[in-house]
> 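Following this message is one structure expressed as structure tokens.
Reminder, nothing fancy here: chain letters follow the sequence lines and each chain counts from 1.
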Amino acid sequence: MASAVTTTFSRTAQRSKLSSFFLHTANYKSCSGINTNDALTSFYDMLQMKPSPQISSFNKLMGAVAKTKNYQDVIFMYHRVVEANLVPDSFTLHILLNCYCNMKRVDLGFGVMGGIFKRGYSPNIVTFSTLINGLSMEDKIGDAVVLFNKIIGMGIQPNIIAWATLINRLCKSGNAEVALWLYREAGKSNGRSDLILKPNLKFYAMLIHGLCKDGSLDKGKQLFSEMKGRGIMPNLVTYSGLIHGLCEGGEWEEAKRFFIEMVDQGIRPNVIVFNILIQAICKSGKTDEASGLLNLMIQIGEEPNSFTYTTLMNGFCMENRIEDAKDLFALMEAKGCKRDVVCYNVLINGYCKCQKLEEAMRLFKEMVRDECKPDLITFNTFLTGLFQVGKVEDARALFANMERYEVTPNFSTYRILLDGYFNNNCFAEAIELFNTLEISGFDLDIETYNCVLDRLCKARKLDLAIELFKRLLEKGLVPTVVTYSIMIHGFFKNNCHAEAIELFHNLERSGFVLDIDTYNCFFDGLCKAGKLELANELFERLFEKGLVPTMEKEGCAPNLVTFNTLMQGFCSCNDAPKFGTRIRFNMSCIRKQSIMEHVDTAEHNQMVTNCQLLKVLLCNIKEV
DNA sequence: GTAGGGTTAG
């Protein structure tokens with residue numbers, strides 16, 4: 001899309017009344033609603049005036065454009081100002097700094113701070129607050145806290161804006177406990193009453209919401225009471241945050257209690273709090289109840305918005321009720337509610353989930369016609385769906401089309417392609433893609449390596465797997481239990497029993513904490529390799545060492561898979577009677593309630609089959 | 001004239 005700058009500068013600049021508006025408006029805020037094109041016309045106009053207007057007039061214009069989030073345009077304007085030999089002042093530089101931070105280029109922001117020094121100004125609390133915000137936006141909350149500490153060390157006193165920036169970002173990044181601690185600290189006087197951060201409704205709201213979202217529900221509720229105790233009365237937004245936090249933390253009953261309390265206080269719920277409730281109800285699988293809430297909203301005259309419809313549509317899609325989702329999609333249009341990219345994505349995902357790819361494609365075309373630009377999530381969703389039904393050709397074509405829509409593939413996109421190629425027997429293509437990603441310096445994580453290792457092992461390309469395993473170590477990646485399970489399984493599958501056993505023993509000796517899946521994988525390999533004695537020995541050893549109870553403590557308890565694997569192994573060998581005691585023991589373990597919890601259907605069915613088989617077998621087994 | 005601030009969807 002062409003920026004407003006290009007369009008403005010491609011046409012002859014016209015002297016506009018706006019120019020004089022910017023030259024003479026005392027109150028900058030009064031021009032916040034300005035259209036970027038008009039602002040740029042005025043800007044170009046002002047640049048040509050002789051004598052040049054004051055830098056402050058240019059600042060007003062740049063500030064106005066920055067408010068419209070057209071940061072690229074502000075940067076363009078900054079360069080034109082410098083080229084025109086105008087001297088940027090501290091305000092100009094701070095506007096520029098804020099633009100870079102909002103564009104998630106805090107590195108360039110720090111560069112601007114250099115410029116602030118170079119031009120003889122000193123960074124102030126505004127500079128640092130902006131940078132703290134910029135760092136947080138790039139998920140560098142730790143660096144933001146370090147910077148905050150540093151400025152205090154430099155003797156710069158944070159003001160309420162600096163505190164609000166940091167506390168808000170901490171709450172949003174899952175660090176509400178830290179935020180609360182800081183808030184408490186900021187509330188202490190340190191002998192200077194002018195520096196105390198006074199109790200404040202918005203700070204409380206941020207903290208309550210954050211604490212609940214992070215799972216500290218009791219602390220959140222406690223803070224809510226504390227706030228009321230201090231005479232700060234919660235309003236709709238405070239209640240919404242609390243209710244949302246409680247819903248996210250799974251305390252639906254509590255959320256409902258506060259909703260009722262809010263209504264009793266005479267606070268009328270708005271569309272946002274309804275949306276929060278609808279989402280929570282959908283998540284608990286009661287989509288019809290959520291649908292009832294939509295009707296209630298309409299009844300009381302609270303207009304549902306695109307969030308409302310989309311949330312509910314997503315609820316239906318998750319239950320494979322695509323027709324209901326489609327009806328809602330139609331209702332949305334009938335009610336004059338604009339369908340945005342999220343809404344289309346939800347429905348495309350729904351169609352993909354129930355494998356109606358033609359419908360998904362129709363919708364994709366419709367959204368383009370509707371001038372709704374597909375985004376990264378549209379493509380990632382659609383690609384996943386196409387690969388799932390084996391439409392590899394269509395997936396390739398869609399991927400090739402991303403550029404046309406100015407959407408850059410991300411790491412998830414490549415993972416979808418990689419998995420998709422592997423799952424659809426395009427082994428060579430998958431490996432080629434992986435190699436390209438590796439060479440192009442893509443930051444591949446251990447999970448991606450695990451995926452490729454697994455496929456290589458399963459394709460009996462053990463040499464390549466070993467080579468790749470060495471390479472990931474060289475890269476400094478740390479293998480996980482999954483990596484080792486894959487390798488152990490790979491060795492067994494490729495008949496390298498000795499290597500599998502050696503690897504397992506090395507891991508045990510080195511004190512590496514194995515999980516039950518790794519043990520199961522090892523047991524499975526041993527059983528299939530006919531090494532029942534070894535499997536039995538290991539199992540006995542685990543008991544002798546008291547390791548089985550330890551395994552239980554560490555969430556690594558033997559599960560149904562363990563017993564199923566061992567039972568099958570013991571039964572299928574020629575001298576099954578030898579393991580009679582073990583088989584009986586395993587069966588009694590299986591009957592234990594704890595083993596039966598969290599068992600999937602397939603595993604359960606396997607168990608039933610095993611048990612039936614075993615009953616027959618056991619009849620022929622003499623007690624040992 | 002420059003920074004921040006409470007709630008919602010994929």
> Counting any heavy atom closer than 4.0 Å, what does A:T165 reach on the DNA or RNA strands: base, sugar-phosphate only, or nothing?
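Contact class for A:T165: sugar-phosphate only.
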> May I ask you to say what A:L201 touches in the nucleic acid, namely base, sugar-phosphate or nothing, with a heavy-atom cut-off under 4.0 Å?
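The residue A:L201 makes base contact.
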> In whole angstrom, give the distance that lies between atom CD1 of A:I167 and atom C1' of B:dA3.
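Computing the A:I167:CD1 to B:dA3:C1' distance gives 16 Å.
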> Using a heavy-atom cut-off of 4.0 Å across all strands, would you classify A:D375 as base, sugar-phosphate, or nothing?
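The answer is base, as A:D375 lies within the cut-off (heavy atoms under 4.0 Å) of a base atom.
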> So is the aromatic ring of A:F307 stacked onto the base of B:dT8, judging by whether the centres are under 5.5 Å apart and the planes are under 30° apart?
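Stacking between A:F307 and B:dT8: present.
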> Heavy atoms only, 4.0 Å cut-off, all strands: where does A:S240 land among base, sugar-phosphate and nothing?
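Base contact - A:S240 has a heavy atom under 4.0 Å of at least one base atom.
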> Measuring to OP1 and OP2 of B:dT8, would you say a side-chain N or O of A:H244 lies under 4.0 angstrom away?
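Checking A:H244 against B:dT8: at least one side-chain N or O falls below 4.0 Å of OP1 or OP2.
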> Using 4.0 Å as the upper bound for N to carboxylate O, is an ion pair formed by A:R257 and A:E253?
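A:R257 and A:E253: not salt-bridged.
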> Would you indicate, yes or no, if B:dA3 has its OP1 or OP2 atom less than 4.0 angstrom from a side-chain nitrogen or oxygen of A:N98?
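Yes, because at least one side-chain N or O of A:N98 sits under 4.0 Å from OP1 or OP2 of B:dA3.
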> Check every strand shown and say whether A:I276 touches a base, only sugar-phosphate, or nothing at a heavy-atom separation below 4.0 Å.
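Sugar-phosphate only.
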> Is any side-chain N of the basic residue among A:R321 and A:D324 closer than 4.0 Å to the acidic one's carboxylate O?
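Looking at A:R321 and A:D324, the cut-off is met.
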> At under 4.0 Å between heavy atoms, what does A:I377 touch on the DNA or RNA strands: base, sugar-phosphate, or nothing?
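Base: the residue A:I377, judged by heavy atoms under 4.0 Å, touches a nucleobase.
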> Report the residue from A:N175, A:L166, A:L207 that forms a side chain to side chain contact (heavy atoms under 4.5 Å, CB included) with A:L182.
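Answer to the side chain to side chain contact (heavy atoms under 4.5 Å, CB included) test with A:L182 among A:N175, A:L166, A:L207: A:L166.
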> For A:T311, answer base if it contacts any base atom (sugar-phosphate contacts may also be present), sugar-phosphate if it contacts only those atoms, and nothing otherwise; contact means non-hydrogen atoms under 4.0 Å.
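Counting heavy atoms under 4.0 Å across all strands, the contact made by A:T311 is with sugar-phosphate only.
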> Identify whether any heavy atom of A:V346 sits under 4.0 Å from a base atom; if not, whether one sits that close to sugar-phosphate; answer base, sugar-phosphate or nothing.
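A:V346: backbone/sugar contact only, no base atoms under 4.0 Å.
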> If you compare every side-chain N and O of A:N168 against the phosphate oxygens of B:dG5 (OP1, OP2), does one of them come in below 4.0 Å?
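Looking at the OP1 and OP2 atoms of B:dG5, one of them is under 4.0 Å from a side-chain N or O of A:N168.
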> Is the phosphate of B:dG4, meaning OP1 or OP2, less than 4.0 Å from a side-chain N or O of A:K172?
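No, because none of the side-chain N or O atoms of A:K172 sits under 4.0 Å from OP1 or OP2 of B:dG4.
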> Pick base, sugar-phosphate or nothing for A:K213, based on heavy-atom distances below 4.0 Å to the nucleic acid.
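Answer is sugar-phosphate: A:K213 comes under 4.0 Å of backbone atoms only.
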> Just call it for A:N133: base, sugar-phosphate, or nothing, with non-hydrogen atoms closer than 4.0 Å on any strand.
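It contacts sugar-phosphate atoms only.
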> For A:F43 and A:F76, I'd like to know if the aromatic rings sit close, meaning centre-to-centre distance below 6.0 Å.
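Ring centroids of A:F43 and A:F76 are no less than 6.0 Å from each other.
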> Can you measure A:Q157 atom CD to B:dA3 atom C1' for me and round it to whole angstrom units?
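Checked: the CD to C1' distance equals 17 Å.
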> Under 4.0 Å, counting only non-hydrogen atoms across every strand here, what does A:N159 touch: a base, just sugar-phosphate, or nothing?
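Since a base atom lies under 4.0 Å of A:N159, the category is base.
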> Using a 4.0 Å heavy-atom cut-off across all strands, classify A:L131 as base, sugar-phosphate, or nothing.
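The residue A:L131 makes no contact with any strand.
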> Under 4.0 Å between a side-chain N or O of A:Q279 and OP1 or OP2 of B:dA9?
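The answer is yes; a side-chain N or O of A:Q279 sits under 4.0 Å from OP1 or OP2.
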> Taking salt bridge (charged side-chain N to carboxylate O under 4.0 Å, His left out) as the cut-off, I'd like each qualifying pair that reaches into residues 85-95 of chain A, sequence neighbours left out, listed once.
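Not a single pair qualifies under salt bridge (charged side-chain N to carboxylate O under 4.0 Å, His left out).
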